[in-house]
Each structure stands twice: as C-alpha cells, then as structure tokens.
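Structure, as structure tokens:
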Amino acid sequence: MSKSKKKTHLAWAMYDWANSVYSLVITSTIFPVYYNNVTQKDSNNDLVSFFGYEVVNTVLYSWSISFSFLVIALLSPLLSGMADSGGKKLTFMKIFAVMGSLSCMGLFFFDGGNLEFGIICSVLASIGYAGSIVFYNAFLPEISDVDEYDMLSAKGFALGYIGSVILLVVNLLMIQMPELFYISDGGEAARWSFLMTGVWWLGFSMIPFSVLEDNPYGRKYDRSLLLSGYKEIRLVFKGLKSKIQLQRFLLSFWFYSMGVQTVMYMAASFGDKELELAGDKLILTILIIQIVAIFGSYLFAFISKKNGNKTALVSMVLIWIMICFSAYYVYTEYQFYGLAFVVGLVMGGIQSISRSSYSKLIPEETVDHASYFSFYDVTEKMAIVLGTFSYGLIEQFTGSMRVSSLVLGMFFVMGLAFLLRMRFPSHKLLKV
C-alpha cells in the first residue's frame, strides 16, 4: 500500500476517533445524568416546563431522542442519495459535523434554567452526528479496495472506542475530583465535559477534512440523485412482499430493536431516577457495559458459528426479556450493577448478529445492497423513535420508569414471536 493511501485510510479512520466521544459522553453517560440533576427541583417534583407545557423531565428527554431520530429517519434516504451523487460528500459531512460539535459545545451553557436551549442543542447534536456518519461511511468504498473494507472499518471502530474511553475517563476524574482541575463542583465539571466533547469532535475532524477529497472520482453532481434514496427504499419495500423470511426477520428486528436501543439510551436515567445512584457510579457502570459488550459480541459470534444465527438471536432476545422484567424489581446498587453486566453481555452481540443475519437473508441475485441496508437502517431508526416515545409516554401516565421497562419487555416478546417463525435459507446455513 502506498504512503498516500495509508495516509488517507488513517485520516478516514480518525473521524471515528473524533465523533465517537459524542455517543459515549453525551448520549450514554454524562449528559443524561446531568440533565436529570439540573431539571429535578426536588425528590417529589420532577415536572418541567417546556415552551409552556408541563412534562416529566425524563419523559421530555426520551421524547427529544424520539424526535431527533425521527428527523434522522426521514433524512437518511435523502442523505444517502446525496452521498451516492458523489458531488459534495465531504462538504455535507463537514456541515453535519460542525453542527453537531457546536451543539455539544452549546450544552456548556445549559444549566437547567434554559431548558429549551439545552434540549434544542441535544437534538441538533444528535442530528449532526447521524448525518455526518452517512457521508463518512460513503467514503469507505471510494478510498479502499474490497479486500480492505473489513480491516479499515475495524480500524475506525477501534480508534473510536479508544478515543471515547480516554475522554470519558478524563471527564469522570473531573467529576469525581473537581478540585484537581480547579473546578467548583461536579455539575460544572459535567458542563466542561460537554465543551470538551465538542472541541474534541471538531478538532480531530480537521484530520479527515484536510486529507479526504470532496469528489475523488471527479463525478458530475447529479441533482436527480438527491431523491434516489427514497426511491430505493420504496423499491425494497415492494420487493419484500415476495420474501416472507426477510419480512419476519425485519418485523422481529424492529420490535426487539425498540427495546435494545431504548435501554441503551435510558439506562443512565433509570439508575439516576429510580435508584438515586451517584453520577460517577452511573458513568462508571456505562463504561463497564461497553467493555463487557466486546466480550459479549465474541461470545455470541461463537454461539452463532456453532449453532446458527437463529439460536444466537433467540437466546439473546430471551435474555433481554429477562433484563426488562428484572429491572422492575431492581432496588439496590449492586442489583443494578449485576443487571448492567448482563446488558453489556448481550448489547453488542445482538447488534452484530442482527446485521450479519440480515446480510444472509438479502437475495443473492440483488446488486442493490446499499438499498437493502438503507432500509435496515431506517427500520432501526424508527424502532428508536417508537421505543423511546413509548418509554416516555408510559412514564408520563404511570409516573414510573419501572412500568416502562415492563413495556420494553413486551417489545422483546413480540420480536421473539416473529423470530421463532422464521428460518434461514439452508444454503446459507446460519454461519456468521
């Protein structure tokens, strides 16, 4: 491989290093805990006013996630069409990355008294992150050969994981020992972590922005391709009518993804609100979940290799059902840690096995792999929308996140029902 190509590959992978801090620091750990603390007036009053409407603070947070992913689901096919046009890939990637990183920085000024500002910043950050990823992924086949895809993709994932963990550990130290960083308290440290996340994201993005080419193939910018993503989604949807097994898998995936993704987004809020765990303990718990998830991914990949994708998926969905119903009875710190360990065990596995299972069900004769995976992506995004919205709606009416967890369990039960009814083609015998 030439030095120029190595440089391009490293620059591309560095965008994972740049943006992964958002998903770990903002989405999963520090922000949800900080948000709960600054929006809850006291232990008996968790109502907030959002543009004049009173709503439970955690309900508002879950609904803001729903809204951001609804926007992303609607934009995703359009963005795919833009990426495929090949004309302004890097330009659009820059626009979304800058929007997302600046929104993270804006959260530094969120103190609970300016709730609308904080929610708007968090929604824009989510849209910026997801939008930039569409164009980032579209560079992969343009800068590498087919036999380099897997290793280059893995390199990006590894750099993203390492970078996000490094920043999270620094932020955790800031929250636990603010005096060492000349910070007044943990709340201020959390706000500095949002600013650092945005600066990290934007700063390291300059590496791929300075190396990647806007239009490496010299294609003419075809405006007719902008809406091609929607056309492709519609064609895939029509094609599903004759593919019963693929239908059943997507329905199963849709239902259990509602549960999986909602647990990932709301776990920290649950521990904070229902168990009143300290913020640093919650953040450390999420960090442990991520580490355990790596081992879980390999464990269920091994199970799938030995016994098939269906066996691996069914076993993981059963464990998820147990997790959701067990959450209703979790009242102590160590019970939460135990449940978090099990979540980590199946969190990575169910996502990786789902993707490989779907790839085996795509018709062999098709050349529209991007279209099929675009449909898969929209299915997952809509699952997040409905899952997080339902979670918030149940809490709004019942006043308990525990009841919401039981509803998530029912989503997994529905997913299991469709999964049990499907079978994989015998010539693709369930190997990962």
Side-chain angles (χ1 to χ4, degrees), residues 1-24 26 72 75-105 124-164 166-167 196-226 228-229 232 369-371 373-374 377:
M1 189 186 299
S2 67
K3 288 185 178 180
S4 176
K5 194 172 188 180
K6 286 182 179 180
K7 180 182 178 181
T8 301
H9 283 191
L10 178 59
W12 178 85
M14 283 300 294
Y15 188 67
D16 247 316
W17 171 284
N19 73 67
S20 292
V21 293
Y22 162 78
S23 58
L24 185 57
I26 304 295
I72 293 164
L75 284 179
S76 184
L78 176 62
L79 298 180
S80 298
M82 289 178 173
D84 287 340
S85 72
K88 298 290 182 180
K89 194 179 285 87
L90 185 60
T91 300
F92 283 116
M93 181 177 164
K94 288 178 180 179
I95 291 171
F96 281 97
V98 170
M99 179 177 73
S101 57
L102 290 180
S103 298
C104 288
M105 295 181 205
L124 290 177
S126 178
I127 294 172
Y129 170 78
S132 67
I133 290 294
V134 172
F135 299 102
Y136 168 64
N137 289 338
F139 270 105
L140 182 59
E142 295 193 359
I143 63 172
S144 58
D145 300 321
V146 174
D147 59 343
E148 297 168 338
Y149 289 1
D150 291 340
M151 288 304 297
L152 182 54
S153 180
K155 184 176 184 178
F157 175 83
L159 284 174
Y161 177 77
I162 294 168
S164 59
I166 289 172
L167 185 60
M196 291 171 66
T197 298
V199 171
W200 178 295
W201 184 356
L202 185 59
F204 283 109
S205 292
M206 294 301 124
I207 298 174
F209 291 170
S210 64
V211 175
L212 297 177
E213 297 180 38
D214 206 1
N215 188 3
Y217 287 164
R219 294 171 176 165
K220 292 184 178 180
Y221 186 46
D222 187 353
R223 294 182 182 276
S224 66
L225 289 176
L226 292 181
S228 63
E232 291 170 354
H369 295 97
S371 301
F373 270 100
S374 182
D377 183 64

Reported [atom1]-to-[atom2] distance for the pair [X] and [Y], which is rounded to 0.5 angstrom:
X	Y	atom1	atom2	value
S164	D16	OG	CG	9.5 Å
M105	T197	CE	OG1	10.0 Å
L10	W17	CG	CH2	10.5 Å
I166	S20	CD1	OG	12.0 Å

query: Are any of the side-chain heavy atoms of W200 and Y22 separated by less than 4.5 Å?
result: no
When you compare the side chain of F135 with that of I95, does any pair of heavy atoms fall below 4.5 Å? no
Provide the closest heavy-atom pair for [X] versus [Y] in the form atom of the first, atom of the second, distance.
X	Y	result
M99	L124	CE-O, 3.8 Å
Y136	A13	OH-CA, 3.8 Å
M14	P208	CB-CD, 4.5 Å
F96	S132	CB-N, 3.5 Å
V211	K7	CG2-CE, 4.0 Å
L90	L212	CD2-O, 3.2 Å

Report task. Using the six-membered ring wherever Trp is involved, compare the ring planes of Y129 and W201 and label them parallel, tilted or perpendicular (cut-offs 30° and 60°). Result -> perpendicular
| request: Report yes or no: does S101 contribute a side-chain atom to a donor-acceptor pair with the main-chain N or O of V98 at less than 3.5 Å? | output: yes
